[in-house]
Structures are given as structure tokens and as C-alpha cells.
Amino acid sequence: MDVRDDSTAIFQQACHLNLFSPPTLLGLYPCPCQKAKMTLPTLPPEIWFEILTYIPRSAQRNLVGVNRVLFEHVLDYLYEEIRFIDDDRRTSSLFERIHAFPYLARRVKRVLIQPAFLPGLDKRRSHELHRPILKLAATSLKRCHAVEEVIIILNIHRITTPFSKFLRSLWGSTPFTRILKRLTIRTSSPKMPHFLAPIISNKKRINLEGVIFDVENGFPVMEFFILKRATQPFFSAFKDTLTFIDITSSYLSIDFANALASPPLTFPRLTRFRLCGIFDEETELENWSMFFARHADTLEHLSIDFHLWNSHHFVYDRPYIAWINPREDRPGHHPLAKLLFPKLHFLQIALLGAEGAMERTQPDACHSRILSNPLSFAPCLTSLALTGTHLSFHRISDIVSDLSPCLTFNNLEFMAASLSPEIFDTLAKKLPRLNTLSIRFMRLQSIDTSLSLNRKEQKMVLNDLPNELWQDIQQYIPRSQHRKLVGVNRFFFEQAMDSLYAEVCLIDDDGQTMKLLEQILAFPSIARRVQRVLIRPTWLPGFHERKPLDSHSHISQLASSALKRCPNVQEIAFVLYDHVITQSFSDFLTSIWESPAFAQTLRQFTISSTTAALPRILSPLTREYKRFPRLEEVTFNLSQSRIAKLNAASQSSLLSSTMAFFLVCCHSLTSLCLRADGASDSFSSVAVPSMDFPHLRKFELVANFSPKMGLKTWSNFFSKHVNTLEELCIKPSIERNLTYSDSDRLYAKWINPPEGSEGPAALVGKRFLNLKSLKVGLREGEVSNGVAYLKPDLYDSKVFPSILSFGAPGLVSLSLTGISLSFRRIADIVNDISPCRTLVTFDFTAATLSAEVFDLLAKKLSRLKMLSIQFNWLQDVNAVVRRNQQLELFVSLMEPRKYQNWKLERLRLTQKESTCGVPHPQQRAMQTVARCFPAGVNLDNKFECFCQKGLFGGEEEVA
């Protein structure tokens, strides 16, 4: 028996989720900087079903032990189809579980009945042998209330009395047939009455929408009228509900044609019809023409094909040729091509040529027309599939010429006698709108007969999905459950181990960290998986602590030995603030930088530290030049030490250490991020402004722009890199809400120098030839007491220079934050950037979000694809109204507006919450604005905080 299920032992695994114990090699310390967990239910069930198809069935059973969500998805997948084929113990166990557990029965969607245990036509076997399994199957299947499709296959076996009773009891069960939509029967003609009679007698309980009949020649041969007597009542009973009919008959198709023609049956909801049979002079094609004429107004999908017998015996059929391709000298009786199908979108038709044996031996020499113009009887055709005959180039050209006037046609399939470049030239010229093309050919033009094509289909395996997709899938599984994936199969073992050991966190000197380092030291297979290292040594003593300085030297020595064995480390992050750097930790830093593996593979380096500790961390890196040929990204997150003050000696040490460090990596560096916390002057003594980075593409500077920063040197730094920079970010480190300082005035003049000013300028006067992304934090120029931060709508002075004052011809993204812009300021900025034709992303902060803002953007920047706005108030801020009243006013003003020419794809509107301080998505406002775009907009509802709303917030949705 072949069932979409497992044995009793597997079911016991499904009921005990803690069956898999963690392997002894797993002991990774959880990363403390990990963000909020992504949950499994965020992926739709259809995607999980698609993922499960890549997993061997032998390994699917092990997934039930990972977590509850995968438990549900795997059971849905395993029990979606029940196959009743054999009467062995496994089949009995399956039906017993369905009978005992309703939560398994409700998962069954399809039932396949192919009773191989029934006696053959030439065998004598007692009917009582299989009576128990049939009784158990009937009782169990009656509990399946969600069955949508039933498939019955019975050809070479006899229908016994117990099996007939089983079918009658099954069709007589209202729960089983309550939502049944589709029925498939593959059998011989003498058995059709046995299957159809109980269905007809219970027609009031069944609401069939689709049927598939595959009837073979019976033994002994049956008269046509008997089959007609079996099928005609069935079609009459369900004529009002059927939308899809599929008929395959090894007989001449006259049998079903008579059943549908006398009396004439009409199916008012029929949209799909497929006919596969034998067509010769005895076939009443006129009946089929009358049938198609009655349903020409509803059919959307029509398929007419030859049965296998017909293609094997090459039946030469002049009536069929005249039926599909009538001519004046060869008229047909009610030809199919003379009908009109106004709603037909898909047509598949088998072709027959009229040139005798030459059609098979020399198809390239056959030039006569083989099909009438499809658009003459199907003007709305979008897909055409031609089978039966290999077409010559002339025939293909005729058909393509017929289809070329149809603007909706986009899918074509045909059989070519010889595949040549001229065929593709014709298709490119006549049908450039094609989206899908499928060609089956006999030979290639000038093909070498010594070459052979390997047409063996490769089995789809887990490795068919890219590794990046599997890594993205694993993000939806909580990290604590990754270790359970190890027990699924070898592929998941590798994926889970890569995920668990990709990052090593050295935070504490506890037993778990020691165990992890010992595993890396002992097993090279684990060491090669390490790609990221986080070093945050909380075991080091603080400046105010009194304990032996080298009391934790053992962890430094073990970490040094273990990390030297990791040959694939690409990222290192240091987090070290007010701690004493002991001699053992200094030796640890020196030892890992001396490792050749680190020097050759390191690509990203991040330091979060104080200005006092930075020289001690950088000094081991700079003892030898050109040791890091692949280092591309460097990030410094600096802050002032609470204890050690930055004096002249420490400033000199900071300058020399940073200069030595950047001399090592300046030729390979492509990204440099400098961030300072608070009001510290951390970057006043770094050597960056004096350096030259020939490959620098991304630069970020977040600092307190005091007079000590030396803004002129930074302006010169930007001038040296205008030809390479692609991403530039300049922001003050302190967010101004109520206060104002002299550094704001200095910074504002640096960003937007007054006319005639001779002082340094960050952007004005420079031409950034390759700049794609620009992020600037704005500040008020001349303000006292923070009035502009309290009432930003009252200020209209210019805060951002015109884009024409600095060259950025390829600017794609612009972000302006820091202050809330009044409508007048927004209008000035939009007018300045409107000449930039490449800009598709715009992010800014508005004091008041009004309908006029969107009117302005739609008029001046209609090419924007992504828009993000943070705002303080909605609509009329001058009126003393509550926030909900502002929202209702905004909604009422936006509803009548429609932006037909603005093809916006992504929208994000946020407003600061008084309790959180971090902007939250304003979903009602976004949905209102999205309705103004007829094509629909993706709404970004993601939260960027960890308050109650942020932890249970929304995701991106389409409006």
C-alpha cells in the first residue's frame, strides 16, 4: 500500500514532540544582540507545502518533532491524500488512526481508491477475505468531512459484492460528500454502471463541479448503448453544477457523443472541456459540433486530442480533417471552425495532415494548410497548443501569421518537424508579446547524428533550492529549535550546524562558552563553519573593581587556540567599554591577528568602544602592513569613557593608531561607518579626513559637529572621494527636540551654507558622479530656545541646498531627517529635486501630514516608487482637536483623490508615540492613502521598537 502517511511508530513520534534529544556537540551560547524572533506562522501554508516537496518523504516524518507549527504542516501534508490500494496491516493501521483521531480525519482532502486486493477477471477468490478492510475503510472515510476529490481506478479486477456495498455506503454518507467537488473514474466500460449508479441515487447530497472519465475497451466488448445508459443519467443529474468535464475513451468517441446528444444536454456553468478519443468515419462529429455550439458562450478552456491508440495506428481520417479545417472543395458536416467561442482563452487541438504517408515520412515537405485561422472562431484566444502532427516551417509561419493580430495572445505550444533559426525569427517578428513558448521537434537543423540528447529527468532534491533560500527559511524557525533539525536528514544536519555555529559569541567565561570553544578546538568540521565572531569580554575587570587582573586568563588562552582553527571567519565585532584590558586579553588579541586565516578571509570589522580603549584594540592589527587584503567594511561606534578622560597624550595615541590601521586597509576598504554617541568629540582626533580610500563606495558619519571636528578637513575628505562614493550619510548624533546649541548652527551652515559664504561646505560645490543614496540629518540655522522644534510649521527658511548646487546626476534615494519640515519647506525641497529623473525613493519628516503634501508629490515627483514620511500631526494642526479627529479630517480629504499617473509601489507613514518615543506605523492613514492609487501599494507596517505594539505589530501588506 502507498499512503500519504507513516506507520504507528511515526505517529507516536508526532504525539511526543520531545523525542529528539539535542546532540552532544551542540552548545552554542545564544547571541545577546539577536532581535525579536520571527515566527513560523508568518509564512503561508502554501509556501510550507512547496518547501515540503523538496524534502524526501523518508525525512518528512522527522520534522514533526521540531515544533508545533511544523507538526501541523507536516501532518496536513502527509494526510492530505489517502491511498486505499492494499489490504495489508499498514492500511488497516491508517484507517484505525483516522477513525480514532478526528484531527487526522479533518486533514484528508483527496481519496484514491485503487483496490488491488480484489480478484482478477480470470481468478477465483473468496469475497469474504477483504470484507473487514472494506468495512473499516467505509467507517473511517465517513469521518472525513473535508474530502474535495475522489479518484477511483479499477481496470483488470472484478467488482465484488462487498466492494459494491462499500461504494454505496460511501456515497450515501452526507459528511463524506458534503464538500466533494471533483470525481475521477478510470475503468473499463462494463464497470461504469457499478460506479455511477450509487452516485446518481445520492445526487442530492453531492455538489460535483468537475468529472474525469477515462474509459478503456472492456472485456468482453460492450455495446455502445449500454455505456450511454450509464453516463446519460449521470450527466443529467449534475448538469447544473458541472464546470469541468474531461472525457478519455479508447472507444470511438461516438459513445459519449450519443450520451450528450440524445436528448441534448446543456451545462449552463461549463467552462472547461477536454475530449480525448478516436476519430474516424464512424464517429458522429456532428453531435460534438452541436454540443460545442450549445456551450460556445461559456467555454473558456477547450482541449481536443487523440487517444493513444489513434496516435499509434496513424488513423487517416478525412472527416476529422474537414471538421477542424473546412475548405470549399472539402466541406465538413458542421465543422468546428465555423463556430464562435467569444470567451475561449485556451485551445488545445490535435492536428491531422491531408497529404497521406508524407505527413509521417517527410513532414518538412508538407505545405498545405492544416488549421483554420484560430482567431476566426476564438477572437479572445491567449493560449494555443497544437499536437498530433509535426509541422513544417511553412505551416508554422501560416499559423503565426494568423495569430499575430491578436493583442492578448501570449502562450504558444506546437510540434516542429525541424527546429531552425528561421522559426525564432518569425516568432520574434510576428509574436513579440509571447510570454511562454514550448516546442517539441523531431530534429535540429544540420544536427550531428553522432550526438545524443540526455532526456532523463533529474530527480528534484533539496539541493535544487539555493542555499540562500534555505537560510531565509530557517530564520522563521526559532533558534532554540534549530538543533532539532539535525535529526531530520543529512541535508538539514548540514544546514542546522551551519546556522548554529555561524556565529561565536565570547561574552562570559562560563561552562557553556568553554564547551563551545573546546568543540571548535576538537572538531575541524565545526571550526570551518564559524563565519562571525563577537568578542564582548564581560569577564574583564572594570575600572572600579578590585580583583586579580589575570584571574580569567584561561578563557583568553582557550579562545586564542580555538579561533586560530577557524579558517572562514569573515566578520569580527568588538564590544569593549570601561574595562581594564589585561595582559592575557592583550596577548589574545595579538595571537588571533597573527593567524594567517584571519588575515586572508576577514571582510567586515566592527568596534564598539571608547576613545581610550580604541588604541589598545587597534595596535595588534597594525604591526605589519598589508595583512588584510580582503577587508572591505569597517565600522567604529565610539563614545567617551566615563572614567578615562581624553587628554593630549590619549588624543595623540588615538590619531597614530587610527592612521596606522587605515594605512593597512585603505586600498581594499569599500565601506566606512563612523558613529559617535551623545555630545562626545570622538572623531576630532581620528586620522580619517587625511586618508585617501581609492575604492570607498559607502561612507557614514554620525557625530557631534562641534568646532573641534574640523569641518573643513571633512569637506576636503568628501572632495577627494566624489568619484567613488555611491552611498553617503551625514547626521548629528544628538536628536534635537527642545534644546538648541551652537554646534547646530555650525552644522546647519556646513550643510546649507548661505549665499556668498566662503566657509566649508559638505555638499555644495562638489559633483558626486556615482552617488546613488544620500541621507542627511538637518538642523535649524538661527533659532533660540528651540522654538522651531516646538512649532516647526512657523519656519520657512531653507535648510537643504538645491540639488543643482551639488552634482548628483544618478541620485536614486534621498532621506532628510532631523527636523520636522513645514509644508513650505517640503515644497521648496520637492521643487529643487524634481529635475532629478532617477530619484525613486524619498524619506523625510513632516511637521503636518496633509492632503496637499501628496498632491505636491504626485505633481512634481510622480516617478517615486518608495515613499516614507514621519509626521507630528495630521492635517489641520492650528485647530485644537484630538488626534482621532485629525485622522478623520485627513481621511475625509484624501478619499476623493486619485493619483492615476503615480506608480507608487511602497508606502510607509509613521508617527511618534508619546509612550514609546519611536515612530509607529499609522496604519489607518496608510490605508487611506493607498486607496488613492488604483494599482495598489505595498504598505510597510513593520515596527522598529520593542514596546508592546512593536512586539506584536504588523508586517508588510498590500492595499
Side-chain angles (χ1 to χ4, degrees), residues 632-636 662 666-675 683 688-703 705 709 711-732 747-753 759-779 798-819 821 825-826 828-845 857 860-868 905-906:
E632 298 176 352
E633 300 180 21
V634 172
T635 302
F636 285 171
F662 286 119
C666 64
H667 294 286
S668 61
L669 208 61
T670 61
S671 174
L672 178 59
C673 299
L674 305 177
R675 306 187 186 105
F683 297 124
V688 173
S690 60
M691 301 297 298
D692 186 12
F693 303 92
H695 302 289
L696 188 65
R697 295 195 297 268
K698 178 182 178 181
F699 182 75
E700 179 179 348
L701 179 61
V702 180
F705 293 89
M709 277 288 293
L711 296 181
K712 185 176 182 180
T713 59
W714 287 106
S715 298
N716 296 335
F717 175 80
F718 294 150
S719 300
K720 289 189 294 184
H721 299 89
V722 291
N723 294 328
T724 61
L725 280 177
E726 297 178 3
E727 299 180 40
L728 178 60
C729 177
I730 308 172
K731 292 183 179 181
Y747 172 79
K749 290 184 178 181
W750 188 52
I751 294 295
N752 183 36
L763 304 174
V764 176
K766 302 173 178 62
R767 185 170 177 81
F768 298 89
L769 299 178
N770 297 313
L771 192 64
K772 300 293 189 298
S773 174
L774 177 62
K775 299 179 181 180
V776 179
L778 303 179
R779 282 291 183 267
K798 198 176 185 65
V799 292
F800 185 71
S802 172
I803 200 169
L804 299 178
S805 63
F806 64 94
L811 190 64
V812 176
S813 175
L814 177 62
S815 175
L816 302 176
T817 57
I819 64 174
L821 303 174
R825 284 176 167 175
I826 296 173
D828 291 341
I829 293 173
V830 169
N831 290 329
D832 288 340
I833 65 177
S834 59
C836 185
R837 299 297 178 183
T838 58
L839 188 68
V840 295
T841 302
F842 191 26
D843 177 11
F844 63 94
T845 303
L857 295 173
K860 300 287 187 177
L861 297 176
S862 58
R863 57 190 170 275
L864 283 182
K865 301 297 182 182
M866 290 173 281
L867 177 64
S868 177
E905 297 177 358
R906 189 185 185 96

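Worth knowing before you read on, the calculation uses all heavy atoms, side chains too, and leaves out hydrogens, waters and symmetry mates.
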Atom pair CG/CZ of Leu864 and Arg906 - distance to nearest 0.5 Å: 14.5 Å

Where Val722 and Phe718 come nearest, the two heavy atoms and their spacing: CG1-O, 3.0 Å

Point-to-point distance, once rounded to the nearest 0.5 Å, from CG of Leu674 to OG1 of Thr635: 8.5 Å

Chi angles and distances behind the side-chain contact (heavy atoms from CB on, under 4.5 Å) call for Phe842, Ile829: CA-CA 11 Å; Phe842 191 26; Ile829 293 173; 4.3 Å; yes

Contact check, side chains of Leu728 and Lys775, non-hydrogen atoms, under 4.5 Å: no

Whether Phe800 and Phe806 hold their rings parallel, tilted or perpendicular, with breakpoints at 30° and 60°: perpendicular

Whether Phe699 and Trp714 hold their rings parallel, tilted or perpendicular, with breakpoints at 30° and 60°: tilted

Expected output: side-chain Tyr747 to main-chain Gly777 donor-acceptor under 3.5 Å: yes

Side chain to side chain, Lys772 and Glu727, heavy atoms closer than 4.5 Å: no

Backbone of Glu726 reached by a side-chain donor or acceptor of Asn770 within 3.5 Å: no

Counterpart residues, side-chain contact (heavy atoms from CB on, under 4.5 Å), relative to Lys860 (two or more places apart): Val830, Asn831, Ser834, Leu856

Neighbour count above 12 (heavy atom, 6.0 Å) for Lys865 NZ: yes

Exam field: side chain Lys720 to backbone Met691, donor-acceptor pair closer than 3.5 Å: yes

Leu669 versus Glu633, closest heavy-atom pair with distance: CD1-N, 4.0 Å

side-chain contact (heavy atoms from CB on, under 4.5 Å) assessment of Thr817 paired with Lys731: CA-CA 8 Å; Thr817 57; Lys731 292 183 179 181; 3.7 Å; yes

Pairs meeting criterion side-chain hydrogen bond (donor to acceptor under 3.5 Å, both in side chains) with involvement of residues 759-769, two or more places apart: none

Asn752 side-chain N/O to Lys798 backbone N/O, donor-acceptor pair under 3.5 Å: yes

Atom pair CD/OG of Glu700 and Ser671 - distance to nearest 0.5 Å: 8.0 Å

Any donor-acceptor N/O pair, Thr670 side chain to Glu632 backbone, under 3.5 Å: yes

Heavy-atom donor-acceptor pair, Ser715 side chain to Ala761 backbone, under 3.5 Å: yes

Arg697 side, atom CZ; Leu672 side, atom CG - distance, nearest 0.5 Å: 13.5 Å

Separation between CG of Leu816 and OG1 of Thr845, rounded to the nearest 0.5 Å: 8.5 Å

Parallel, tilted or perpendicular, as decided by the 30° and 60° cut-offs, for the rings of Phe662 and Phe636: tilted

side-chain contact (heavy atoms from CB on, under 4.5 Å) assessment of Val799 paired with Leu821: CA-CA 9 Å; Val799 292; Leu821 303 174; 4.0 Å; yes

Stepwise side-chain contact (heavy atoms from CB on, under 4.5 Å) test for Phe844 and Leu867: CA-CA 9 Å; Phe844 63 94; Leu867 177 64; 4.1 Å; yes

Over all atoms of both residues, closest heavy-atom pair of Ala762 and Ile730: CB-CD1, 4.3 Å

Any Thr838 side-chain heavy atom under 4.5 Å of Arg863 side chain: no

Least distance between heavy atoms, Leu771 atom then Ala808 atom: CD2-CB, 4.4 Å

Short side-chain to backbone donor-acceptor contact, Thr724 and Leu696, under 3.5 Å: yes

Leu814 and Thr841, any side-chain heavy atoms less than 4.5 Å apart: no

Interatomic spacing from OG in Ser813 to CG in Asp843 - rounded to 0.5 Å: 7.5 Å

Any donor-acceptor pair under 3.5 Å from His667 side chain to Pro694 backbone: no

Least distance between heavy atoms, Val812 atom then Leu839 atom: O-CD1, 3.3 Å

